[in-house]
Amino acid sequence: MVAHARAGALAGAALLLTGLLAGCGGSTDDKPDDRTDRDAASSAGGPSTAPSGQPGTPPVPAALTSQRLDWKRCEARAGESAPGSEWRCSTVRVPLDYAKPDGGTIGIALIRKKAQNTSRRLGSMLFNFGGPGGSGVSILPRAAGSYGNLNSRYDLVGFDPRGVAGSEGVSCRTDQEQEAAYRKIDMTPDTAAEEAAFLKDGADFGAGCERRSGKVLPYVGTTNAARDMDLIREVLGDKKLTYFGFSYGTELGGTYAHLFPAHVGRTVLDAVVDPTADTIGHARNQATGFQRALENYLKDRGQDPKAGTRRIAKLLERIDKKPLPTRSGRELNESLAVTGIVTPLYSKSSWPFLTQALDEAENGTGTMLLQLADSYNGRDQKGHYDTQNHSQRAISCADSKLRPTADEARALLPEFRKLSPVFGPFLAWDTAGWCSQWPVPGEHDNPEASAPGAGPVLVVGTTGDPATPYEGARKMADELGKGVGILLTNKGEGHGAYGGNTCVTSTVDAYFLDGMVPKDGRTCS
């Protein structure tokens with residue numbers, strides 16, 4: 001699946017770039033296991049308070065709100081190295097079904113690096129890096145070098161949201177089934193046979209999720225993940241939640257603010273999902289955003305954007321008719337080619353890779369585009385796929401009520417081709433490919449983010465963001481409400497601004513560390 005209709009979905013590439021580009025900091029000295037977590041209630045917030053829940057939702061039992069975490073050295077996960085000795089891992093128990101909080105529980109995997117300046121510690125900072133489906137336990141140690149200033153006074157805490165990796169991670173397909181789908185399924189079907197195969201693949205994927213992960217499938221939506229965050233906050237001993245969310249993590253943060261406005265502490269949302277958009281709206285936003293990024297890339301290379309777009313669209317048409325050979329012996333089809341083009345658009349620093357890959361493809365070889373697509377799709381050199389795509393789809397379909405049909409997707413094609421000749425057809429068809437025959441009903445058309453009474457939430461939007469276009473940041477700030485949503489604009493390129501723009505980074509650090517709220521509407525360039 002090249003992309004899905006929620007803006008957070010394409011953040012998968014950003015997660016991969018984070019893992020590839022971020023350094024792994026930290027010492028190598030051995031330390032004893034840390035079996036307590038309530039070493040201090042947040043000095044920024046005072047004593048902890050229990051989760052308030054949602055109206056009509058029973059309170060979480062004291063056995064869960066008062067649990068003590070057993071922090072231990074983190075073990076290596078499959079295909080990964082163990083994080084350094086300064087990191088500790090644990091598991092918090094949460095209700096599987098918050099409507100029945102005294103019933104069964106599941107474990108949510110956590111990772112933590114303690115604040116460096118213990119005498120000035122402010123509390124815990126919880127991260128979500130997007131997806132949906134990104135593993136905070138895996139990503140945070142790789143990205144922690146970017147958050148050194150914040151780690152001086154905050155414990156850095158990552159988690160795997162429910163349905164992800166170490167938290168009852170959803171699994172739907174074998175590696176062989178995944179490989180066959182990427183090789184055989186045309187994501188922009190041109191014939192009745194291709195369309196039938198495309199729709200059957202979507203149904204088969206959902207059926208596989210139900211067979212392998214049916215226990216958790218109805219409960220992996222964003223609302224339940226936000227409730228988990230509040231229980232994590234309570235167990236960590238913080239009166240209010242300090243939170244840093246990226247991409248889909250901004251949707252999760254907005255949902256949390258709506259559910260628990262009294263518990264919103266210093267919160268930053270970077271690369272913001274439009275909370276007013278439904279499934280088709282997100283697809284429309286992404287068609288606009290990725291086309292904008294592609295045109296900015298072409299301008300940067302001294303090319304005419306319209307002519308460059310036409311050239312790439314014609315290249316994809318040729319690949320659709322005749323896939324390109326690669327050094328691996330696998331072929332590059334049109335769907336994988338689009339994925340390969342998408343991946344480097346997430347960061348301006350990756351644009352040179354796109355130039356090399358397109359030049360190679362124009363000369364008849366698809367090796368580099370396939371490598372970029374593999375990195376996006378979570379495929380390693382041995383042919384093993386991670387399951388982020390599985391979790392991403394399960395969370396998205398649990399959230400969204402909208403189930404576009406093939407006829408509805410087909411009707412979108414003229415509009416989407418006009419928005420983006422390169423990405424539009426994929427995104428239009430994708431609206432019908434993910435959830436049309438999903439075994440679990442969706443919760444809502446679009447998430448609620450209004451948070452009257454919450455503390456200020458810093459909303460960071462980048463004008464050239466391809467996956468979560470800038471307009472979504474404005475809408476999130478408005479939805480959060482007057483005096484809550486504080487918009488900070490980054491005039492630049494790429495998916496996310498923190499760490500890539502000095503002005504944004506210093507403004508965010510000043511807010512987190514000193515409580516300095518910038519003027520609403522400030523611009524960094």
Indicate yes or no: at least one non-hydrogen side-chain atom of [X] is less than 4.5 angstrom from one of [Y].
X: Met229; Y: Asn128; value: no
X: Phe260; Y: Leu241; value: no
X: Glu251; Y: Thr222; value: yes
X: Val94; Y: Ile106; value: yes
X: Asp374; Y: Tyr182; value: no
X: Glu415; Y: Arg284; value: yes
X: Pro425; Y: Arg417; value: yes
X: Gln178; Y: His390; value: yes

Take Glu177 and Arg212 through the test salt bridge (charged side-chain N to carboxylate O under 4.0 Å, His left out) and record every step on the way to the result. CA-CA 14 Å; Glu177 290 169 334; Arg212 293 177 170 89; 3.7 Å; yes
Parallel, tilted or perpendicular: which one describes the rings of Phe129 and Phe246, with boundaries at 30° and 60°?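 Ring orientation, 0 to 90° scale: parallel.
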Name the orientation class of the two ring planes belonging to Phe512 and Phe244 (parallel below 30°, tilted from 30 to 60°, perpendicular beyond 60°).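 If you compare the ring of Phe512 with that of Phe244, the planes turn out tilted.
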Got a second to check how far [X]'s [atom1] is from [Y]'s [atom2], nearest 0.5 Å?
X: Tyr498; Y: Thr507; atom1: OH; atom2: OG1; result: 10.5 Å
X: Arg403; Y: Thr431; atom1: CZ; atom2: OG1; result: 12.5 Å
X: Phe426; Y: Ser335; atom1: CZ; atom2: OG; result: 5.0 Å
X: Thr343; Y: Asn377; atom1: OG1; atom2: CG; result: 7.5 Å
X: Asn446; Y: Lys475; atom1: CG; atom2: NZ; result: 10.5 Å
X: Ile486; Y: Thr267; atom1: CD1; atom2: OG1; result: 12.0 Å

With Phe423, the ring-ring contact (aromatic ring centres under 6.0 Å, His included) member among Phe290, Phe416, Trp429: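 Answer to the ring-ring contact (aromatic ring centres under 6.0 Å, His included) test with Phe423 among Phe290, Phe416, Trp429: Phe290.
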Going by side chain to side chain contact (heavy atoms under 4.5 Å, CB included), Val459 matches just one of Leu480, Val268, Leu488. Which one?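 Of Leu480, Val268, Leu488, side chain to side chain contact (heavy atoms under 4.5 Å, CB included) with Val459 is met by Leu480 alone.
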What pair of heavy atoms forms the shortest contact from [X] to [Y], and how long is it?
X: Val170; Y: Cys209; result: CG1-SG, 4.3 Å
X: Ala225; Y: Leu252; result: CB-CD1, 3.8 Å
X: Gly496; Y: Thr462; result: C-OG1, 4.1 Å
X: Trp434; Y: Cys397; result: O-SG, 3.7 Å
X: Cys89; Y: Val137; result: SG-CG1, 4.5 Å
X: Pro161; Y: Phe159; result: CD-O, 3.4 Å

Reference residue His263; test side chain to side chain donor-acceptor pair (under 3.5 Å); the match among Glu234, Arg233, Lys240: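 Exactly one pass, corresponding to Arg233.
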Kindly say whether [Y] contributes a backbone atom to a donor-acceptor pair with the side chain of [X] at under 3.5 angstrom?
X: Ser135; Y: Ser138; answer: yes
X: Ser375; Y: Leu372; answer: yes
X: Asn224; Y: Tyr219; answer: yes
X: Ser391; Y: Gly163; answer: yes
X: Thr505; Y: Gly499; answer: yes
X: Glu408; Y: Thr405; answer: yes
X: Tyr243; Y: Gly249; answer: yes
X: Thr250; Y: Leu269; answer: no
X: Thr463; Y: Gly492; answer: yes
X: Thr468; Y: Ser247; answer: no

Apply side chain to side chain contact (heavy atoms under 4.5 Å, CB included) to the pair Met125 and Arg266, showing each step before the final yes or no. CA-CA 9 Å; Met125 179 179 293; Arg266 296 173 188 174; over 6 Å; no
Just by distance, with hydrogens left out, do [X] and [Y] show a side-chain donor and acceptor under 3.5 Å apart?
X: Thr279; Y: Ser400; value: yes
X: Asp230; Y: Tyr256; value: yes
X: Tyr98; Y: Thr223; value: no
X: Tyr470; Y: Thr489; value: yes

With sequence neighbours excluded, give me every salt bridge (charged side-chain N to carboxylate O under 4.0 Å, His left out) pair touching residues 156-173.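 Checked against salt bridge (charged side-chain N to carboxylate O under 4.0 Å, His left out) - neighbours excluded - the pairs reaching residues 156-173 are Arg77-Asp160, Arg162-Asp228, Arg173-Asp201.
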Taking atom CZ as the centre, does Arg474 end up with more than 12 heavy-atom neighbours from other residues, nucleotides or ligands that are less than 6.0 angstrom away?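 No, the 6.0 Å shell around CZ holds no more than 12 heavy atoms from other groups.
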Contacts of type side-chain hydrogen bond (donor to acceptor under 3.5 Å, both in side chains), residue Asp380, not counting sequence neighbours: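 If we apply the side-chain hydrogen bond (donor to acceptor under 3.5 Å, both in side chains) test to Asp380, skipping adjacent residues, there are no hits.
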Please report the C-alpha distance between Leu231 and Thr65 in whole Å, then the side-chain angles of each, then the deciding distance to 0.1 Å, and finally whether the side chain to side chain contact (heavy atoms under 4.5 Å, CB included) criterion is met. CA-CA 6 Å; Leu231 185 51; Thr65 61; 3.9 Å; yes
Side chain to side chain contact (heavy atoms under 4.5 Å, CB included) for Ile139 and Phe127? Distances and angles first, verdict last. CA-CA 10 Å; Ile139 296 168; Phe127 288 79; over 6 Å; no
Between Leu336 and Leu369, does a side chain to side chain contact (heavy atoms under 4.5 Å, CB included) hold up when you go through it step by step? CA-CA 8 Å; Leu336 290 169; Leu369 278 178; over 6 Å; no
Arg292/Glu471 salt bridge by N-O under 4.0 Å criterion: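 Here Glu471 pairs with Arg292 in a salt bridge, since their nearest N and O are under 4.0 Å apart.
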